[in-house]
Amino acid sequence: MMKDSLEIRLAEIAEMVKGELKGDPDKLVSGAAPFEKAGDQEITYAGDAKFLKRIQASGAGAIIVPKRFEAEALNLIGVGNPQVAFAKVLQHFYPPLKRRYGLNSPCHIGKDFSCGKEASLAPFVAIGDNVAIGDRVRLHPHVAIGHGVILGDDVEIHPNATVGDRCRIGNRVIIHAGTVIGSDGFGFAPDGEVYHKIPHTGIVQIDDDVEIGAGNTIDRATFGKTWIQKGVKTDNLVHIAHNVIVGENTVIVAQAGISGSVTIGKHVILAGQTAVAGHLEIGDNVIVGARGGVSKSLPKGEVVSGAPEMPHKTWLRVQRIMPRLPELKKKIEELEKRLNRIENRKSKRSKAKGSDI
Amino acid sequence: MMKDSLEIRLAEIAEMVKGELKGDPDKLVSGAAPFEKAGDQEITYAGDAKFLKRIQASGAGAIIVPKRFEAEALNLIGVGNPQVAFAKVLQHFYPPLKRRYGLNSPCHIGKDFSCGKEASLAPFVAIGDNVAIGDRVRLHPHVAIGHGVILGDDVEIHPNATVGDRCRIGNRVIIHAGTVIGSDGFGFAPDGEVYHKIPHTGIVQIDDDVEIGAGNTIDRATFGKTWIQKGVKTDNLVHIAHNVIVGENTVIVAQAGISGSVTIGKHVILAGQTAVAGHLEIGDNVIVGARGGVSKSLPKGEVVSGAPEMPHKTWLRVQRIMPRLPELKKKIEELEKRLNRIENRKSKRSKAKGSDI
Amino acid sequence: MMKDSLEIRLAEIAEMVKGELKGDPDKLVSGAAPFEKAGDQEITYAGDAKFLKRIQASGAGAIIVPKRFEAEALNLIGVGNPQVAFAKVLQHFYPPLKRRYGLNSPCHIGKDFSCGKEASLAPFVAIGDNVAIGDRVRLHPHVAIGHGVILGDDVEIHPNATVGDRCRIGNRVIIHAGTVIGSDGFGFAPDGEVYHKIPHTGIVQIDDDVEIGAGNTIDRATFGKTWIQKGVKTDNLVHIAHNVIVGENTVIVAQAGISGSVTIGKHVILAGQTAVAGHLEIGDNVIVGARGGVSKSLPKGEVVSGAPEMPHKTWLRVQRIMPRLPELKKKIEELEKRLNRIENRKSKRSKAKGSDI
């Protein structure tokens, strides 16, 4: 399934992932593959019990496993976090494509361009005036870079993506295809039935090690900056409005939308199709379940679901009750009838006997 | 309303749609139009009772109707499926634009390009190395085709769309503007608060006769392929994650999102803004209602709605109860008061008379 | 925070916004800034009590305030609508970028191009045949304009956006990056399990003063036109299907989706992630709350939320009850037990005493 790659000795892989090798240090592998499919020339990983108990069935040449896991007659590399180790191995076998184009493609480059070493500018890249880019930047076809933009080292921007005027992109940032960084925020001053455009004078700043998915839209600030901090990862079709701040290592899953001036903490997870209403503060380590609709600020560590949001545990119970609402309604009607019957008897009896009281 | 087109005799249209003509075989029509607007030079269709009962009011030169339908003094073409027949007539009058550009536009074409007959490469198309495209392929402006991509015959890709490295596109596939095929899947290995990118070594494969809407994002697989099978149709702004398989003739409506490693059967309908959670299996012919949130695998033929999903009929009842929840809550409180009253009386009576039991 | 700009006397600003100046007419300001950040060289605004009561704390050189508001020792400009006045001041200090490119960029321009005065065609713009554009049109890099398109005066289209064949765009329209105008509608004629494409012969017409956000998809009509009327504003990632009509000054917030053949009135607000089902009519001034799912036509002036929609006030009550459903269910079960107990006693008593009745 995988193309041939650089052969490497298991001893070297063990060193690369800081793991402990049990098995043949001179065994060569030439690729990586998933557990079920890995063959004798390939390395795979088994991260949890589901795979570990089937480990003797694997045809892999070597398997990355949790530290202290033992299995006879297999080449194992024990590590603290097998998935992370496997990600590193994959990065070895399938490195990002290096420089393919130099500076001689049919590109447009504006005035006062400052360019680091080993840039790869693909055909039809358009770069505005006063742009500075770092070392080893790779811009794919039809990337549009506005005026006054700054890109750090090792930035990769995929085809048909746009980075608007004056935006700042850190080091090792990846922006996937079709994404728009720095569109105007959605701000209008209502005047009777008509709306006047509020110019958006700010920028978008994206810090180091951020990866932005395909088809995202990240608006520039009215004033100041919309700010995506270090290590943030967004999935596809995510919308981030003007003046939002997304804290370090926060993960935003596909089709989520964040309204204007929201501040999101560090290491937050917003699951797919979630929404956050405007001007809220979401604390560190908050988790919002799929399609959650956040209507209030959330203190750090909250785990919520539903729209509007509620504690995730409550939501689990609520969602089990939802399909039983017709049944509950019927039950209430039945209880009412039974009560009516009791009260009627009582009232007849009362009439017969006089008041109870 | 419609531009003039090729005049055609009704006898020829009847043959084209394999219908039975009642009326003048030599009547000429030069276009097609909707029921209310069609004039004497135009053909329209009446597919159901709503239109058939008003058929004498139509000003159309000819009307495609269900087999066996009769109406005096009109030119009718009877067929099994009037809408399908009308679609074919529309394809006659409004054929897709043919080759407009050859190979001499200002394009970038990489090394080892294999090109079928009659390709139309619009200006600023960028094609990577080792690409092979079939006959009559039409690439619109700013389409970016990665390295090692294969496109079948009669593929049409609209402006500003991207097809990533090594993806494979079948015959007669249409990809609308701004769409991204082959972005990296959203996969990261968590390591404390930091995430390590898992390289996505797989591809996207799109089979024959698929139509992908505008602004879609379809991620490449971690290993292997994300696979869109024959005849699938997606609307706009649809997100399909890594390793998803979408079965033949499945329809995915606008803004739906499908999480990683989901397998969807044949002839499924996912309505607008639906979501499917990761790793699920959706059986053939399943229908998910608008904004359904699918949290469990579904056997074939299920019709569900709601989030999380429930049988569509249950959902219809649940959604009627939802706005009445305040009323139900009040009712419960009222029942409780009435019960309290009864129990109080009882307990007073008991105190007065001693225990009932 | 703001770049230096054209210095201007307060007397001139007062005239520009038709306001009443209280303070020094010769005071110069050189920029605009938000309330908290404005310095002595800058103007800001205080639109409501929240800011007005802190007005003495502002460091701004001048403040736009509501008419009749008074505060000592400050330069104030009183107006009817401070936010609108501030928007105008911002437009003065941060005017849209003017013509930067002429007609000599590396563009593709088709046959029979009609071009107004002072057009700015950025590099790699692709324009089809028979296109007419008005005065001062600015097309950013990689904009694709189809054949037979008409653009009015002062149109600005941002990078990587697409306008399909024959679409018509009015004056002063802004289209943000990555947006697709005129993709085919999602219309297929089902024939057993297979779908036949229904050609979409219509167009998209966008009237004057419309602003379309980034990453939108607006489909062309099957016949006739999809029609976005004067003054409409859409946020990012909005989907508008074939044959939709959006009335004047309607606002559509991010990630909303409108199904085919919907007619929306004037001055409507569709909040974020809302959806409107097909063929509905939404009256003037309707407001649909965030993630509302509109399943029925709505008369003018309705304010709804929820999915399916209900009066917003009902929704507020429903959403407060939702997290309490487990509690309500428990309460019902408890009431039932209590009723059982009463009925049991009663029945025992009845048995003991003979029937009550």
Side-chain angles (χ1 to χ4, degrees), chain A residues 106 108 124 126 142 144 146-147 160-162 164-165 178-180 183-184 186 188-191 193-199 201 215-217 219 222-224 237 239 241 255 257 259 273 275 277 293 306-308 310-311 314-315 317-318 321-322 324 328 331-332 335 338-339 342 345 348-349, chain C residues 1-2 32-34 37 81 83-84 86-88 90-91 93-94 96-97 105-106 122-124 140-142 158-160 174 176-178 211 213-215 231 233 235-237 248-249 251 253-255 266-267 272-273 290-291 319 322-323 325-326 328-329 332 335-336 339 342-343 346 356-357:
Chain A
H108 169 83
F124 312 126
H142 314 121
H147 306 294
N160 292 306
T162 300
D165 294 350
T179 279
V180 177
S183 34
D184 281 348
F186 194 61
F188 298 90
D191 183 13
E193 297 222 329
V194 172
Y195 296 92
H196 297 275
K197 182 173 179 63
I198 297 173
T201 70
N216 281 218
T217 58
D219 283 347
T222 318
F223 294 101
L237 294 174
H239 164 65
Q255 296 178 317
S259 306
Q273 296 191 348
M310 60 190 83
T314 304
W315 171 240
R317 295 166 66 203
V318 168
I321 293 173
M322 287 291 289
R324 297 181 57 193
L328 282 187
K331 175 71 77 186
I332 293 168
L335 293 180
R338 286 164 62 185
L339 252 182
I342 293 173
R345 284 172 187 164
K348 282 183 190 170
R349 208 166 54 204
Chain C
M1 187 173 64
M2 322 260 27
K37 303 205 169 163
N81 188 329
Q83 192 189 21
V84 168
F86 190 63
K88 286 179 184 165
L90 279 171
Q91 284 161 11
F93 283 118
Y94 310 98
L97 289 172
S105 294
F124 311 127
H140 291 269
H142 313 121
H158 288 271
N160 292 305
I174 299 170
H176 285 284
E211 183 162 346
K233 315 294 180 189
D235 200 345
N236 295 342
L237 294 174
E248 291 183 11
N249 297 312
V251 164
V253 184
Q255 296 179 318
K266 297 178 185 181
H267 202 245
Q273 295 191 349
R291 204 178 282 164
Q319 64 163 261
M322 288 291 289
L325 279 179
L328 282 187
K329 180 164 169 290
I332 293 168
L335 292 181
E336 191 178 22
L339 251 182
I342 291 173
E343 290 176 338
K346 203 171 292 296
D356 263 19
I357 298 182

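Just the heavy atoms: all of them, side chains too, but no hydrogens, waters or symmetry mates, feed the values below. Here the structure is a predicted model, which is why all the values come from computation and not from measurement. Throughout, a chain's letter reflects where its sequence line sits, starting with A, and its residues are numbered from 1.
When each of Leu325(C), Val84(C), Asn249(C), Asp235(C) is checked for heavy-atom pairs under 4.5 Å with chain A, Asp235(C) comes out on top. Looking only at heavy-atom pairs under 4.5 Å with chain A, the residue among Met322(C), Lys266(C), Gln255(C) that has the most is Gln255(C). Listed options Asp219(A), Asp165(A), Val194(A), Thr179(A) were ranked by heavy-atom pairs under 4.5 angstrom with chain C; first place goes to Asp219(A). In terms of heavy-atom pairs under 4.5 angstrom with chain A, the leader among Arg291(C), Glu336(C), Gln91(C), Gln83(C) is Arg291(C). For the options Arg317(A), Arg324(A), His239(A), heavy-atom pairs under 4.5 Å to chain C are most numerous at His239(A).
The minimum heavy-atom distance linking Ala32(C) with Phe223(A) is given by the pair O-CE2, 3.3 Å. Scanning all heavy atoms of the two residues, the minimum distance from Ile198(A) to Ala87(C) falls at CG1-CB, 4.0 Å. The minimum heavy-atom distance linking Pro308(A) with Gln319(C) is given by the pair CG-OE1, 3.1 Å. Shown here for Ser183(A) and Asn236(C), the closest heavy-atom pair between the two residues is OG-ND2, 3.9 Å. Contact between Val318(A) and Pro323(C) at its shortest, heavy atoms only, is CG2-CA, 3.9 Å. Among all heavy-atom pairs drawn from Phe124(C) and Ala126(A), the shortest one is CD1-CB, 4.1 Å.
Taking the side chain as every heavy atom from C-beta outward, Ile342(A) and Leu339(C) approach each other to under 4.5 Å. At a threshold of 4.5 Å between non-hydrogen side-chain atoms, the residues Thr201(A) and Phe93(C) do not count as touching.
Residue Asn160(A) holds its CG atom at 5.0 Å from CG of Asn160(C), rounded to the nearest 0.5 Å. How far OH of Tyr195(A) is from NZ of Lys233(C): 9.5 Å, rounded to the nearest 0.5 Å. With rounding to the nearest 0.5 Å, the separation of CD1 in Ile332(C) from NZ in Lys331(A) is 9.0 Å. Taking OG1 of Thr217(A) as the start and CG of Leu237(C) as the end, the distance is 4.0 Å to the nearest 0.5 Å. Here the CG atom belonging to Leu328(A) is positioned 6.5 Å from the NZ atom belonging to Lys329(C), to the nearest 0.5 angstrom. If you take CZ on Phe86(C) and OG1 on Thr222(A), they are separated by 9.5 Å, rounding to the nearest 0.5 Å.
Both the backbone and the side chain of Asp184(A) come within less than 4.5 Å of a heavy atom in chain C. Of the atoms belonging to Leu335(A), heavy atoms from both backbone and side chain fall under 4.5 Å from chain C. Of the atoms belonging to Ala241(A), not a single heavy atom falls under 4.5 Å from chain C. Contacts of Asn81(C) with chain A are made by side-chain atoms alone, with heavy-atom separations under 4.5 Å and no backbone atom involved. For a residue to count as touching a neighbouring chain, one of its non-hydrogen atoms must lie under 4.5 Å from one of that chain's; by this rule Ala290(C) does not touch chain A. Contacts of Pro311(A) with chain C are absent, with no heavy-atom separation under 4.5 Å from either backbone or side chain. Only the side chain of Gln273(C) comes within less than 4.5 Å of a heavy atom in chain A; its backbone stays farther off.
Using a 30° and 60° split on the angle between ring planes, His142(A) and His142(C) fall in the perpendicular class, above 60°.
For His176(C), the ring-ring contact (aromatic ring centres under 6.0 Å, His included) test picks out His158(C), with sequence neighbours left out. Residues forming a salt bridge (charged side-chain N to carboxylate O under 4.0 Å, His left out) with Glu211(C) (at least two apart in sequence, or on another chain): Lys197(A).
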Take Phe188(A) and Val251(C) through the test side-chain contact (heavy atoms from CB on, under 4.5 Å) and record every step on the way to the result. CA-CA 10 Å; Phe188(A) 298 90; Val251(C) 164; over 6 Å; no
